[in-house]
Each structure stands twice: as C-alpha cells, then as structure tokens.
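Just so we're on the same page: letters track the sequence lines, and every chain starts at 1. Heavy-atom basis, side chains included; hydrogens, waters and symmetry copies ignored.
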Number of protein chains: 2
Amino acid sequence: MSGRYGRGPRWWDSNLRKHSCRITMPRQVILDVLSNEEQHLSAEDVFLKVHKKYPDIGLTTVYRTLNLLTQIGLVVRFDFGDGKARYELSSGPEKKGHHHHLVCTKCNRIIDYDDFIEEEEKLFGKIEKVLSEKYDFEITDHLVRFYGLCEECRSEIQESL
Amino acid sequence: MSGRYGRGPRWWDSNLRKHSCRITMPRQVILDVLSNEEQHLSAEDVFLKVHKKYPDIGLTTVYRTLNLLTQIGLVVRFDFGDGKARYELSSGPEKKGHHHHLVCTKCNRIIDYDDFIEEEEKLFGKIEKVLSEKYDFEITDHLVRFYGLCEECRSEIQESL
DNA sequence: TTTGATAATGAAAATCATTTTCAATAAATT
DNA sequence: AATTTATTGAAAATGATTTTCATTATCAAA
C-alpha cells in the first residue's frame, strides 16, 4: 500500500513498462532487495528483508511479484529440492550472468561458479546443436548442477569418526 | 495390509535386507511398478498404478516407501519445478543408467537421453576434477538439463500465428 | 492537475503435495 | 506358534504457494 518509493527511476522500469506492468512500490522494493543480494533467496527470505523497511508489504505480494518477474524474465527461479523455490535477478547491470551450481547434499549450501573452463562453453554449444537436431527440440537454456559435499561438511564427518 | 506378494523374490530384496528393511507387500508392489515403467512417475502416479491392483495400499505408504527407497539409493528423485517430485529406479537389472534431460517449458514433456557425444563424458570428468579442487568440494553426482520447446509445442505455436 | 478505469494490493481462506500421528497389523526371529 | 518391533493406513497436520475479494494506488486521458 501507500506512498511512492523514495529513490529515482531504475533500469528495470522500462522492462516493466514493456510488459504493461505498473511500477509500484512493492515491485520497486522487491527488485531493490534482489539486486542487492548475491544469494538465492526464497520468497520468505525476500519477504523478511522487505518487511524490515516496509512492513506493509505482504507475503502474498512477494509471491505474486516474484512470479511476475519470473514470467517477464527479470528473475530466474531455481528448485533445489528443499521444498522452497529460490529466486535470483537474471539481467540488468547488477546481473549475475549465466552460471552453474555446486550443491552440498548435507548442508544445502550452494556455490555459484561462472569461471568455466574453455572447453566447457564450447562443448555446451555443440551438445545443444546435436540434441536440437536429434530430438527436434529448440533449446533455449540449460541447467547444470554438481552435487556433493562441501569442505565444511567433509571435515565435520571426519571429526565424528 | 494383508497377505504376501504373489511372485518370488526379486533382485532388490538383498538391497532392502542390507539396510534392515522388511520385505513387505507394498514395497514389492511399488518396486514392481517402478521397474515396469520408463517414465518419471510422481508419487500420485505410482499410487494410482499400485491402487489398480492393490487398493489397500495407501498414498501415505507410497510416499514413505519412495522416501525410503531414495534414501537407500534404489530410487532417484527429480524436481522438475512443477510442484511434484518424480521418481525413477536408479539401479538393478532394469535400471536406466545415468542420463540427462530435455524439458519442454510449454508442455513439461521430459525426454531422457544417454547417447552422449564422446566429448561430453570426457569433459564432465574434467570439469568435476577442476571444480573439486578449486572449491574444495567432493562431487558425487551431477544434473544436466536442457530447457526449450519440443517439436509438438513448436508446431502448435506455428499454427496459432 | 484532477479524474476515472482498472491493475495491484493485503488479509484471510483455499489448495496441494507431502509429512506426522497413532492405533492396528504383519514380518522376521525365537 | 509366540514375541518383538517395523510397517501400515486413515485422518489430521504441515508448509509453501495460490486464490478470492474488497480496498487502494497507478497511469493515461481530459
């Protein structure tokens, strides 16, 4: 509810307008939170951060906004299998760019990496080409994730022996 | 509830015993369903198939059993982001072996592929090695998924223009 | 700038997949 | 066959997310 959001226009305004979405305070605040955050936040994480400064913004709106932003492509949604979805800004000046994940199966820590080895990027292009032809499938994106144990969890296990 | 399962012992019996799990009828039936199925079934899918022949087996047991089987490694669980988990036999004579997925973002169809191009397998070994060292992370598994539009959905879109 | 149409919001209720509880039952060991 | 204890099913509980609906704010037009 209420008022206008303090700071000036943002780079995503045009993005919202393009999709004929109104530029509202909750949307601005939620995008601000996302753009100041390097981690993958759940809807509730976003809500809590938003709530500190703007207690009037409800959880429902956070969900609705995250869905909207995902649909128009400003945000990417990940499911890491712990029951709650995570969201991350996908484009714009603060964007992270394409990256892959390391997921610790013990503590659920997620490490992003985008320092691909040279062959990695080249090969994905090639794989996508081969697969599109073989399966008549138009590939638009890919997801790569490595599962295992992070250093901390490994040492915990060591100690308990 | 009730009775004993008709057919003789199965290859997974030893697997269950190893983990001191009892070999019960619901478990046998659920494993039979999974081993006769090439698709990725949701818990409810499994329940419905099981229910046809054994209406006494409840949905709760299906969930519990799928969790158990996942824990002992007989089953792999996937989250494709549509809100329900999918399960698939991971080992044994009928097993599928490691594979990757093509996911249609329109109709949610999932295509499995395991006819990797030569470089693909080689490269993943290499990437895993580099990452384990760089991030001090012990990699045990990986997940690769390509998103896009399957042929049918593409032609639907064509027609609607 | 004010106005008006309508998109967006918040609170509460509804959903939906999955988990927990608990008393009854069946599997394995004796 | 008897005993122990894991497993089961039904119903209730949970937790994330969505829907409903009356109210409010945004933006385009006057």
Residue pairs meeting salt bridge (charged side-chain N to carboxylate O under 4.0 Å, His left out), one or both in residues 121-131 of chain B, sequence neighbours left out, come to A/E119-B/K126

Could you name each residue pair satisfying salt bridge (charged side-chain N to carboxylate O under 4.0 Å, His left out) that touches residues 147-161 of chain B, not counting sequence neighbours?
A/D136-B/R154, A/E138-B/R154, B/K106-B/E156

Spacing of [X] atom [atom1] relative to [N] atom [atom2], expressed in whole Å:
X: B/I30; N: D/dT8; atom1: CD1; atom2: C1'; value: 11 Å
X: A/D79; N: C/dA17; atom1: CG; atom2: P; value: 15 Å
X: A/L68; N: C/dA8; atom1: CG; atom2: C1'; value: 10 Å
X: A/Y54; N: D/dT24; atom1: OH; atom2: P; value: 21 Å
X: B/I23; N: C/dA28; atom1: CD1; atom2: C1'; value: 10 Å
X: A/K84; N: D/dA16; atom1: NZ; atom2: P; value: 5 Å
X: A/L66; N: C/dT9; atom1: CG; atom2: C1'; value: 15 Å
X: A/D45; N: D/dT17; atom1: CG; atom2: P; value: 10 Å

Looking only at atom types and distance, does a side-chain atom of A/T61 sit under 3.5 Å from a main-chain N or O of A/I57, one as donor and one as acceptor?
no

Rounded to the nearest 0.5 Å, how far does OG1 of B/T65 lie from OH of B/Y87?
11.0 Å

Hey, can you tell me if B/Y113 and B/F146 have their rings parallel, tilted or perpendicular (30° and 60° cut-offs)?
tilted

Let me test you: for the helix from C/dT1-D/dA30 to C/dT30-D/dA1, what is the angle between the axes at its two ends (five pairs each), rounded to 10 degrees?
40°

Ion pair [X]/[Y], N-O distance below 4.0 Å:
X: B/R77; Y: B/D79; answer: yes
X: A/D32; Y: A/R10; answer: yes
X: B/D115; Y: A/K134; answer: yes

Side-chain donor-acceptor pair under 3.5 Å between A/T70 and A/N67, yes or no?
no

Sorted by position of nearest nucleotide on DNA chain C, 5' first, the leading residue of A/V62 and B/Y63 is A/V62

Reckon A/N67 has a side-chain N or O less than 4.0 Å from the OP1 or OP2 of D/dT17?
no

Go along nucleotides 1-7 of chain C 5' to 3' and tag each nucleotide: B for a protein heavy atom under 4.0 Å from its base, S when only backbone or sugar atoms are that close, - otherwise.
-----BB

Side-chain atoms of B/T24 come closest, of C/dT18, C/dT9, D/dT7, to D/dT7

By the rule that ILVMFWY residues connect when side-chain heavy atoms come within less than 4.5 angstrom, directly or transitively, which residues belong alongside B/I110?
A/V76, A/F78, A/F80, A/V103, A/I110, A/L143, A/Y147, B/V76, B/F78, B/F80, B/V103, B/L143, B/Y147

Would you tabulate the pairs of protein nitrogen or oxygen atoms and nucleotide nitrogen or oxygen atoms of nucleotides 10-12 of chain D closer than 3.5 angstrom?
| unit_1 | atom_1 | unit_2 | atom_2 | d |
| --- | --- | --- | --- | --- |
| D/dA11 | N6 | B/T60 | OG1 | 3.3 |

I want to know whether B/H142 and B/H100 have ring centres closer than 6.0 Å.
yes

